[in-house]
Amino acid sequence: MHNIKDLRKNLDYYKKKLLNRNYNLNIDEFVNLDKDNRNLISKKEKLEQEKKILSKSKNKANFEKSKKISEEISRLNKDQALNKKKLDFILHTLPNLALDDVPIGKDEKSNKLIKKFGKIRDFNFTPKSHVEISSNEIDFETSTKLSGSRFVVLKNKLALLERALINFMLDVHTIQYKYTEVSPPLIVNEDVMFGTGQLPKFEEDQFEIKFNNSDQRKFLIPTSEVVLTNLVRDSFTKKDDLPLRFVASTPCFRREAGSYGKDTKGMIRQHQFYKVELVSVVEPKNCLIELDRMLDCAKKILDILEIPYQIVLLSTGDMGFSAEKTYDIEVWIPSENKYREISSCSSCGTFQARRMGAKYKINNNNEFLGTLNGSGLAVGRLIVALLENNQNEDGSVTIPDALKKYMNNLDKI
RNA sequence: GGAGAGGUGGCCGAGUGGUUGAAGGCGCACGCUUGGAAAGCGUGUAAACGGGAAACCGUUUCGAGGGUUCGAAUCCCUCUCUCUCCGCCA
């Protein structure tokens with residue numbers, strides 16, 4: 001969410017920057033709503049002041065007058081509330097502005113390749129897809145019966161592999177990079193979803209659950225970014241406690257609405273998948289330094305596992321709603337002969353902190369915090385990448401050295 | 001599911017219809033004191049919104065919404081959350 005005062009002052013700038021993100025701000029509409037809003041507030045305040053004075057007088061002669069003013073205030077209140085709602089909807093659905101070094105473009109075609117890492121294997125046989133490699137242990141038949149499409153049942157060594165990868169990644173991030181491990185709730189309320197930007201604009205992507213008969217809405221988290229970032233919501237963090245770094249492995253739940261035809265085979269796109277997520281809370285001026293650090297943490301996993309990947313700087317058209325700058329890590333998938341996203345590391349500046357009311361005190365002033373999030377990494381896709389990149393001609397898969405101790409010392413599966 | 005208690009400032013905690021934005025304490029900031037620190041003393045210290053270049057001014061806010069009243073943190077209603085006990089259960 002943007003600072004409305006800043007927006008008001010720099011309308012043309014925002015208009016232009018938002019256009020880069022495929023958002024066409026209707027300046028006239030915004031200005032009118034904003035003006036009306038403030039006029040209504042001024043009018044109301046004048047009356048309130050008048051009323052206050054009359055009340056304090058304790059003079060019965062004034063009581064009747066005061067009553068009339070109350071009625072007028074109540075009318076103005078209703079108008080203003082309605083007006084504010086419209087204004088808020090605009091404000092709440094404006095995406096973050098991209099930083100100046102972000103490439104401008106309509107979609108992923110304008111993303112900028114930063115660097116490739118690792119060596120793509122030269123297979124002397126035709127590499128199989130992960131589904132072919134582990135057809136016995138990746139069971140879509142049963143998952144479909146149980147839950148429908150885009151779910152999977154992992155069995156045996158593949159279930160072990162999932163657990164091993166999670167533990168391995170958590171260890172790297174907590175021990176080597178000093179992230180604080182968190183085991184958060186997977187169900188959150190509406191305010192929390194608003195805080196990180198999933199609501200109100202992307203409601204159709206979320207799983208809302210019937211929790212009880214109360215009006216309070218509840219959602220399954222689409223990523224633990226939502227819970228980890230909101231750990232600092234509605235609070236003041238001490239400057240000395242910054243930066244905060246959180247890591248969690250959680251299941252993530254996504255409707256995947258609007259991706260009906262995409263990635264229907266295999267484990268690439270699921271309604272439910274595990275993801276190890278990194279979140280940092282920092283002083284805003286340190287966002288970009290932290291972004292580099294976070295990217296290093298995520299890359300490290302693939303370096304250790306020796307899986308080839310590339311880093312891509314996302315263009316304005318491909319970035320997420322809350323991000324000001326995003327790097328994707330894309331991992332090599334032999335069966336598709338291309339790179340696929342396995343991590344997305346974003347700086348959100350103060351955009352989310354504004355929505356969450358997450359502040360810190362500096363020189364006795366209250367300032368909004370900077371927040372960042374990144375996958376470190378998506379477990380489902382990492383399984384796919386590992387199986388495919390490490391497959392052997394006989395159908396076995398070699399376990400990387402660093403993972404062996406998490407895999408009961410198996411060399412191959 | 002049954003019964004009860006409670007949501008007040010960064011935190012703790014007073015306050016039951018009229019200068020209460022709200023006593024007191026803690027914390028924090030600054031100053032005095034000290035060789036330095038601690039202790040002690042003094043002063044200051046909420047947020048949101050609106051106006052203003054700023055100093056500053058105004059309005060709102062005591063879980064949320066509604067009601068009573070000239071006037072509500074205080075009374076009434078609805079909702080919500082937290083805690084305790086019992087029941088049930090991983």
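Given the structure is predicted, the values throughout are model-derived calculations rather than measurements. So that the names make sense, note that chain A is the first sequence line, chain B the second, and so on, each numbered from 1. The basis for the numbers below is simple: all heavy atoms, side chains too, and nothing from hydrogens, waters or symmetry mates.
With P as the reference atom, B:U19 and B:C62 are 15 Å apart, rounded to whole Å. Atom name C1', nucleotides B:G21 and B:U69: the rounded distance is 22 Å, in whole Å. For the C1' atoms, the distance linking B:U20 with B:A73 amounts to 9 Å, nearest Å. Across B:A38 and B:G31, the matching P atoms stand 13 Å from one another, rounded to whole Å. Spacing of P atoms, B:A29 relative to B:U84, comes out at 34 Å, to the nearest Å. Taking atom P on both nucleotides, B:U43 is separated from B:C11 by 25 Å, rounded to a whole Å. The P atoms of B:A46 and B:G40 are separated by 23 Å, rounded to the nearest whole Å. Rounded to the nearest Å, the gap between the C1' atom of B:G13 and that of B:C26 is 10 Å.
In this structure, the side chains of A:Leu160 and A:Asn408 come closer than 4.5 Å at one or more pairs of heavy atoms.
If you take CZ of A:Phe236 and P of B:G27, they are 19 Å apart, rounded to a whole angstrom. The distance from atom NZ of A:Lys238 to atom P of B:C11 is 11 Å, rounded to the nearest whole Å. Between A:Lys359 atom NZ and B:G10 atom P the separation is 10 Å, expressed in whole Å. If you take NZ of A:Lys78 and C1' of B:G65, they are 13 Å apart, rounded to a whole angstrom. Counting to the nearest Å, the P atom of B:G10 and the CG atom of A:Asp241 are 17 Å from each other. The CG-C1' distance, from A:Leu91 to B:C49, rounds to 13 Å in whole Å. For the pair A:Arg8 CZ and B:G51 C1', the interatomic distance rounds to 11 Å; values are reported in whole Å. Here the P atom of nucleotide B:U60 and the NZ atom of A:Lys46 are 15 Å apart, to the nearest Å.
Contact of A:Glu45 with B:G58 (side chain to base): a donor-acceptor pair of N or O atoms is detected under 3.5 Å.
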Derivation of the side-chain hydrogen bond (donor to acceptor under 3.5 Å, both in side chains) call for A:Glu388 and A:Ser335 | CA-CA 7 Å; A:Glu388 295 200 9; A:Ser335 70; 2.8 Å; yes

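With hydrogens and angles left out, the side-chain atoms of A:Gln391 and A:Glu132 include no donor and acceptor closer than 3.5 Å. A:Asn392 and A:Ser396 form a side-chain donor-acceptor contact under 3.5 Å, judged by distance and modelled atom types alone. Between the side chains of A:Thr250 and A:Ser224, at least one donor N or O sits under 3.5 Å from an acceptor N or O.
Contact check of residues 34-44 of chain A against RNA chain B (heavy atom, cut-off under 4.0 Å) returns A:Arg38, A:Ile41, A:Ser42.
The cationic atom of A:Arg355 (NZ for Lys, CZ for Arg) lies less than 6.0 Å from the six-membered ring centre of A:Phe194 and within 45° of the ring axis. Both tests do not hold together for A:Lys239 against A:Tyr360: distance to the six-membered ring centre under 6.0 Å, angle to the ring axis within 45°.
The aromatic ring centroids of A:Tyr14 and A:His2 lie less than 6.0 Å from each other. With ring centers used as reference points, A:Phe202 lies under 6.0 Å from A:Phe321.
A:Arg354 comes within contact range of no nucleotide atom at all, as no heavy-atom separation falls under 4.0 Å. Residue contacts for A:Ser70: at a heavy-atom cut-off of 4.0 Å it reaches the sugar-phosphate backbone alone, with no base atom in range.
Sequence order on RNA chain B of the closest nucleotides to A:Gln49 and A:Phe368 puts A:Phe368 first from the 5' end.
Using modelled atom types, no side-chain atom of A:Arg150 and backbone atom of A:Met267 make a donor-acceptor pair closer than 3.5 Å.
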Which string of ( ) [ ] | and . matches RNA chain B, if you list each base 5' to 3' and count Watson-Crick or G-U pairs only when both distances are under 3.5 Å?
-> ((((((((.[[[..)..(.....]]]((((((.......))))))((((((....)))))).[[[[[..)....]]]]])))))))....

